[in-house]
Amino acid sequence: LIHFYKRKRMTLTDGVKVEKEEKNGVTTTTSIPTNGSKENTDEKVDVKAEVKTETKRELEDSDDESPADRKRVKPEARISRHCPYLDTIDRGVLDFDFEKLCSISLSRINVYACLVCGKYFQGRGNNTHAYTHSVSDGHRVFLNLESQRFYCLPDNYEVIDASLGDILYVLNPTFSQQLIKRLETSTKESRAFDGTMYTPGVVGLNNIKANDYCNVILHALSHVQGLRNYFLDENNYKDIKRPPGDISFLLVQRFGELIRKLWNPKNFKAHVSPHEMLQSIVLCSKKKFEITKQGDAGAVLPWFLNSLHLALGGTKKRSSSIIYKQFLGSMRIHTKKIMPTDLDPKRMRELQNSGDYDWKIEESPFLFLTSELPPPPLFKDEFHENIIPQVSLYNILSKFNGQTEREYKTYKDNFLKKFELTRLPKFIILFIKRFTKNTFFVEKNPTIVNFPVKGIEFGDLLSEEDKAKHKEGTTYDLMANIVHDGSWEKGSYKVHVLHKGSGQWYEMQDLHVTSILPQMITLTEAYIQIYERRDPESDVKMETS
């Protein structure tokens, strides 16, 4: 560009009259502008602007160079449609699930992926890590992870080839509305690059150390139809604006990327690493939930749903976010303060007349329902083993029929409470409280809950007036079941999910994915369950068939 600028300046002097004078042996040159000098001056300004623009654009691609290197203007990358090194690309080593940072400088700026060895390097100009790697190891083809453009180094030309489209799709899968509808009913399996067959959506998640309690939550939510369809299309949430310094939207971006990778029908491998998703959970929860330490899935789920709701710009309105549209229900809570028993009759009558000990009704929204289990037996049987009790699902759901009274104690007062459901959401999350914490340790209740997989009638918990308002129906089917096995300290989590396209149940524990009979699901120690409202149209189809 400098040579071009010099030549351009030389041509501009053609319309200028040059006079030479010799005085005392010294030659001086005087330029007398002609009539066209004004136009030529304008051309000079344009040329300078072009040089500055080209220089700036070129330097933007090498943010990691030293100031001395920036002063040198480099030639712009050429464009080539025929690169002789495309056959060196190894798709088997490509993994875009990890953080996009340079493997040497740990910088996130201007990161390129080597398509031969799969490592990440920064920059592409001279003396950058990507340039050095291409010279020392002979790896030529690189992909800019931000601009999604391919380059050949150290020759520094852009590669345009249609055969590289599959790599771009794995880096950032995109879903049209037709593809999203087809995924709901598809029974077709996909083939990974290594030949492994997998079903989109039923893909194992890598356990980095002790993050299985997060994996089961992500697996279960990825099969909630409305939530999945919302995050499969990035256009639904990419324009949401958050205040400066707010990092909660990172949770939305990472969850959307994970959902698209789980349902990607063109994956290079039959598993996904949730590394970036877990990093955002650790960051946004301020290390309340960690990758290296076992946690409680029952604590992750409410925090995750509320954080997603707020990050999506949600308010108290029911239609303010996709989270509230799918999971928000409402109930009436009847509360009555219990009168102390050690009072004299006169004082007791005064308190009764004061109104503080009358029933009070409060409307409350909910994202999930928490139910208690009966206490386990204290004594062992003749075989010196604890008898594992069993309880019906309808017994623990009777808490919400508006008639069952339960006593709740606080440090100051005791209360009687009754819970009455008034509005049922499309998806009901049932949290079965298995762990009780005291001063010394955490105790687990091993009671088995007997529940049907299909046809749970939640309408029996509603009053006749509230039930008539539910035109969509009140019959629900189980679609996800999270199980905790073992003790609190050394236990593990697994999840059962229903693939609606094939009607097959799958058991997923980290990377292990196996099909399972629905009869075996009811024998497990269920911890969190997600029920989906049955479509009235599907009921008609089942009756006619």
Side-chain angles (χ1 to χ4, degrees), residues 1-9 46-96 98-174 193 266 268:
L1 289 175
I2 292 175
H3 292 303
F4 170 76
Y5 174 59
K6 287 180 178 179
R7 292 182 61 187
K8 190 73 176 175
R9 251 175 47 181
D46 294 341
V47 171
K48 288 181 180 180
E50 287 179 13
V51 172
K52 288 182 180 179
T53 305
E54 296 294 337
T55 305
K56 182 180 179 182
R57 187 172 63 186
E58 189 62 36
L59 288 177
E60 283 176 352
D61 277 342
S62 55
D63 293 335
D64 53 335
E65 293 186 355
S66 62
D69 291 332
R70 291 191 180 202
K71 292 179 181 179
R72 297 197 298 269
V73 182
K74 300 177 300 182
E76 187 180 3
R78 303 182 304 276
I79 298 177
S80 174
R81 297 183 181 272
H82 304 286
C83 180
Y85 302 105
L86 294 185
D87 58 344
T88 62
I89 297 175
D90 186 2
R91 287 169 171 80
V93 300
L94 298 184
D95 190 352
F96 301 118
F98 294 97
E99 286 184 290
K100 310 297 189 295
L101 49 85
C102 176
S103 58
I104 298 177
S105 65
L106 301 182
S107 173
R108 301 175 185 273
I109 302 172
N110 205 27
V111 179
Y112 289 77
C114 176
L115 301 185
V116 182
C117 63
K119 296 180 180 178
Y120 295 166
F121 299 97
Q122 187 182 16
R124 85 165 188 269
N126 296 341
N127 301 327
T128 59
H129 299 302
Y131 183 91
T132 305
H133 176 72
S134 67
V135 174
S136 60
D137 292 13
H139 297 173
R140 299 302 187 97
V141 190
F142 290 80
L143 169 63
N144 189 315
L145 297 177
E146 185 175 355
S147 66
Q148 300 183 10
R149 295 161 70 179
F150 297 90
Y151 294 92
C152 182
L153 299 181
D155 301 328
N156 195 21
Y157 61 83
E158 184 179 354
V159 180
I160 299 177
D161 197 291
S163 64
L164 302 175
D166 59 335
I167 299 177
L168 290 179
Y169 194 85
V170 172
L171 174 63
N172 185 24
T174 55
F193 181 75
K266 301 177 183 178
F268 286 163

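Contact check for Val116 versus Asp137: no side-chain heavy atoms found under the 4.5 Å cut-off. Residues Phe150 and Ile160 fail the side-chain proximity criterion, which asks for heavy atoms closer than 4.5 Å. Annotation: side chain of Arg140 is not in contact with side chain of Cys83 (no heavy-atom distance under 4.5 Å). Annotation: side chain of His133 is not in contact with side chain of Ile104 (no heavy-atom distance under 4.5 Å). The side-chain heavy atoms of Phe268 and Ile167, taken from C-beta on, include a pair separated by under 4.5 Å. Between Asn156 and Asn126, every side-chain heavy-atom pair lies at or beyond the 4.5 Å cut-off. Annotation: side chain of Leu171 is in contact with side chain of Lys100 (closest heavy-atom distance under 4.5 Å).
In this structure, the separation between CD on Glu99 and CG on Leu106 is 9.5 Å, given to the nearest 0.5 Å. Here the OG-OH distance, from Ser134 to Tyr112, works out to 12.0 Å after rounding to the nearest 0.5 Å. One distance of note links SG of Cys114 with CD1 of Ile89; it measures 9.5 Å at 0.5 Å rounding. Taking CG from Asp90 and CG from Leu115, the interatomic distance works out to 10.0 Å, rounded to the nearest 0.5 Å. Rounding to the nearest 0.5 angstrom, the gap separating the CG atom in Asp155 from the OH atom in Tyr85 is 5.5 Å. Atoms SG and NE2, from Cys102 and His129 in turn, are 5.0 Å apart once rounded to the nearest 0.5 Å.
Open room surrounds CD on Glu146; 12 or fewer heavy atoms of other groups in view lie less than 6.0 Å from it. Heavy-atom neighbours of Lys266 NZ from other residues, nucleotides or ligands within 6.0 Å: at or below the threshold of 12.
Contact detail for Pro154 and Tyr131: the closest heavy-atom pair is CB-CE1, 3.4 Å. The two residues Gly123 and Thr128 come nearest to each other via the heavy atoms C-OG1, 3.7 Å. Here the shortest heavy-atom pairing between Leu94 and Gly118 reads CD2-CA, 4.3 Å. Closest approach of Thr132 to Asn127, counting heavy atoms only: OG1-C, 4.4 Å.
Note on ring orientation: taking the six-membered ring where Trp is involved, the planes of Phe96 and Tyr120 are parallel (angle under 30°, cut-offs 30° and 60°).
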Inset, instruction - Check the pair Asp166, Arg91 against side-chain contact (heavy atoms from CB on, under 4.5 Å), reporting the backbone distance first and the verdict last. - result: CA-CA 10 Å; Asp166 59 335; Arg91 287 169 171 80; 2.7 Å; yes
Inset, instruction - Show your working on side-chain contact (heavy atoms from CB on, under 4.5 Å) between Asn110 and Asn144 and close with a plain yes or no. - result: CA-CA 7 Å; Asn110 205 27; Asn144 189 315; 3.7 Å; yes
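A cation-pi contact links Arg124 to Tyr151, judged by a cut-off of 6.0 Å to the six-membered ring centre and 45° from its axis.
In terms of modelled atom types and a separation under 3.5 Å, the side chain of Asp161 and the main chain of Ser163 share a donor-acceptor contact. Put simply, the side chain of Tyr169 gets close to the backbone of Thr174: a donor and an acceptor are under 3.5 Å apart.
Judged as a side chain to side chain contact (heavy atoms under 4.5 Å, CB included), and not counting sequence neighbours, the contacts of Ser107 are Ser105, Ile109, Gln122.
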